[in-house]
**Q** 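I am attaching a structure below and will ask some questions about it afterwards.
We name chains A, B, ... by the order of the sequence lines, and we start the count at 1 in each one. Predicted model, so just to flag it, every value in this text is computed and none were measured. Values reported hereafter were calculated over all heavy atoms of this structure, with side chains retained and with hydrogens, waters and symmetry mates removed.
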Protein chains: 2
Amino acid sequence: MCLPVGFTSDEIDRFDALVVHRIKVNKCKSLYRSGDSFNTLYAIRSGSLKTTVLTDAGHEQVTGYHILGELVGFDGIGNNRHGAGAIALEDTEVCALPFAKLEKLAQTMPALQHTMNRMMSMEIRRDQDAMAMLGSMRAEGRIAVFLLDLADRYRRRGYSSTEFVLRLTRKEIGSYLGLQLETVSRLFSRFQGEGLVQVEGRALKLLDPIGLKRIAGQLLSLPPAGLRPAT
Amino acid sequence: MCLPVGFTSDEIDRFDALVVHRIKVNKCKSLYRSGDSFNTLYAIRSGSLKTTVLTDAGHEQVTGYHILGELVGFDGIGNNRHGAGAIALEDTEVCALPFAKLEKLAQTMPALQHTMNRMMSMEIRRDQDAMAMLGSMRAEGRIAVFLLDLADRYRRRGYSSTEFVLRLTRKEIGSYLGLQLETVSRLFSRFQGEGLVQVEGRALKLLDPIGLKRIAGQLLSLPPAGLRPAT
DNA sequence: CGCGCCGTTGATATTATTCAAGACCAGTGG
DNA sequence: CCACTGGTCTTGAATAATATCAACGGCGCG
């Protein structure tokens with residue numbers, strides 16, 4: 001099942017009838033490209049995807065990293081054209097959810113409509129948090145946030161939150177975080193030297209999540225403690 | 001009217017019935033705060049707002065700048081709590097759109113549901129573009145993109161696209177663009193020196209939009225021309 | 001007036017990028 | 001089997017971009 005809980009079995013049946021396609025996307029292949037006409041959302045059943053946009057200068061910038069259980073494609077609804085492209089980071093399987101049918105079905109299924117609204121809202125929230133992160137943190141903070149975010153997402157999907165394999169190259173991580181690949185590499189090395197993580201290529205162990213949280217909570221310059229709201 | 005075109009007059013009437021509140025928000029006052037419970041969206045009728053999130057470190061980061069005709073509050077739907085706060089940059093008037101009623105009304109009005117989906121999708125698109133901008137451009141490019149984006153939005157609302165007044169301070173612009181206020185100030189001065197813009201405090205004239213576009217189209221380092229997709 | 005906030009500009013420090021070299025690995029073809 | 005290639009990753013050194021620190025002028029407002 002591609003949807004969260006809270007539906008009756010009848011509703012689930014009607015929803016399942018809509019999921020006509022299962023699509024396999026091989027590693028490095030595009031599920032869709034920036035500029036493609038939009039008509040379906042995709043739920044990731046296995047594997048992982050990155051989403052990328054083309055900047056004005058024709059440079060590919062990673063804007064998202066999506067794993068099992070997550071939905072991609074919301075950016076296309078606005079003008080029936082995908083703003084970002086989605087590329088498989090490993091052999092990946094997705095469910096295709098035809099959007100027109102989804103909208104129609106949602107009209108007779110308030111819970112589905114609400115779920116769609118919620119999912120888009122959460123995507124907005126995530127993107128805004130990412131913006132705040134890019135705007136306020138230095139390289140080490142960005143890496144720390146990135147690792148903790150991954151850990152949390154893996155945890156929620158039932159995987160280990162302290163030990164996982166990155167599917168992104170250093171270059172892609174850098175693109176995602178607004179850094180050069182060398183900076184990413186250096187910081188992984190430094191974090192390892194400080195005993196925060198253990199890095200072996202793309203295999204990662206978080207040895208000191210508390211320490212990472214401390215780094216993630218630092219800004220360019222810390223305002224006086226008295227002015228900080230108690231969090 | 002707070003909505004785009006494409007509705008019958010009957011639909012518009014039903015929609016209007018839902019807009020019970022007109023709210024005035026004085027300059028520097030909050031429309032809602034990060035963490036507030038969510039129940040309504042707001043359409044800006046006059047004035048302007050900034051949206052801000054609190055980072056882990058308790059620092060206020062500007063994530064959006066919204067003018068007349070735009071909607072704010074979508075970030076709250078996901079978990080019934082606002083992720084960002086909205087603060088008036090000048091005396092501002094908004095329509096309150098109770099979200100529960102909006103969702104209910106949308107069930108009998110497919111065009112409304114589609115419009116809501118589109119608006120959220122466009123918000124996602126904007127945020128992703130902003131992320132790409134923060135991740136791939138240097139200070140001068142960010143400023144150029146910021147100015148061109150403003151110009152475009154004012155143009156679409158029927159205002160001059162070459163002459164407008166910023167409602168944000170240098171510090172807020174810096175926060176929005178991931179820069180320090182001094183950097184913003186310096187770049188405004190430099191752009192003025194290069195004849196790109198005319199700056200007088202917050203009053204701006206774009207003298208050379210083409211030149212700004214050229215700057216906005218530059219990256220940290222340009223990839224070899226042969227590898228760039230033709231745009 | 002005096003105060004706080006805003007904006008500008010200069011000097012300096014810090015950070016991250018850029019350039020460069022080399023190691024490692026997987027795939028490919030002789 | 002082995003050399004060759006292209007991609008990835010690491011590390012060092014030099015450089016450029018931006019932040020930080022500091023001083024000052026202007027403006028609005030109580």
**Q** Which one, C:dA16, D:dC21, D:dT10, comes nearest to the side chain of B:Glu182?
**A**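 Given the options C:dA16, D:dC21, D:dT10, the side chain of B:Glu182 is closest to D:dC21.
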
**Q** Starting from P on C:dT8, measure out to CZ on B:Arg170 and report it in whole angstrom.
**A**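 Roughly 4 Å, once rounded to whole Å.
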
**Q** What is the nucleic acid contact for B:Leu179, judged by heavy atoms within less than 4.0 Å: base, sugar-phosphate only, or nothing?
**A**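 Touches sugar-phosphate only.
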
**Q** Quick check: do A:His66 and A:Thr51 have side-chain heavy atoms less than 4.5 Å from each other?
**A**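 With C-beta onward as the side chain, the pair touches.
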
**Q** Quick one: does B:Arg186 reach the base of C:dG7 with a side-chain donor-acceptor pair under 3.5 Å?
**A**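 By the distance-only test, no, there is no pair.
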
**Q** How many whole angstroms separate atom CG of A:Leu177 from atom C1' of C:dT15?
**A**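 After rounding, the gap between these two atoms is 16 Å.
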
**Q** CE/A:Met131 to CG/A:Leu134 distance, rounded to the nearest 0.5 angstrom?
**A**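 The CE atom of A:Met131 sits 8.5 Å away from the CG atom of A:Leu134.
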
**Q** Give the nucleotide from the list C:dC6, C:dA16, D:dT11 with an atom nearest to the side chain of A:Ser189.
**A**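 Taking heavy atoms from C-beta onward, the closest nucleotide is D:dT11.
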
**Q** A:Thr169 has a side chain; which of D:dT8, C:dT8, C:dA16 sits nearest to it?
**A**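 Nearest to the side-chain atoms of A:Thr169, counting from C-beta on, is D:dT8.
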
**Q** Looking at B:Ser121 and A:Met120, what are the two nearest heavy atoms and their distance?
**A**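 Of all heavy-atom pairs spanning B:Ser121 and A:Met120, the closest is N-SD, 4.3 Å.
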
**Q** Between D:dT8, D:dT10, C:dT15, spot the one nearest the side chain of A:Arg202, thanks.
**A**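 Of all the options, the side chain of A:Arg202 is nearest to D:dT8.
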
**Q** Of the nucleotides C:dC6, D:dC9, D:dT20, which one has an atom closest to the side chain of B:Gln180?
**A**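 Selected nucleotide (nearest to the side chain): D:dT20.
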
**Q** Describe the nucleic acid contact of A:Gly174 in one word from base, sugar-phosphate, nothing, applying a heavy-atom distance below 4.0 Å.
**A**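 A:Gly174: no heavy atom of the nucleic acid under 4.0 Å.
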
**Q** Side chain of B:Thr183 only, please: which of D:dT10, C:dT17, D:dT18 is the nearest?
**A**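 Selected nucleotide (nearest to the side chain): D:dT18.
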
**Q** Between C:dG7 atom C1' and B:Arg190 atom CZ, what is the distance in whole Å?
**A**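 It is 18 Å, rounded to the nearest whole Å.
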
**Q** Which atom pair, heavy atoms only, marks the closest approach of A:Glu172 to A:Lys50?
**A**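 A:Glu172 and A:Lys50 have their closest heavy atoms at OE2-NZ, 2.7 Å.
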
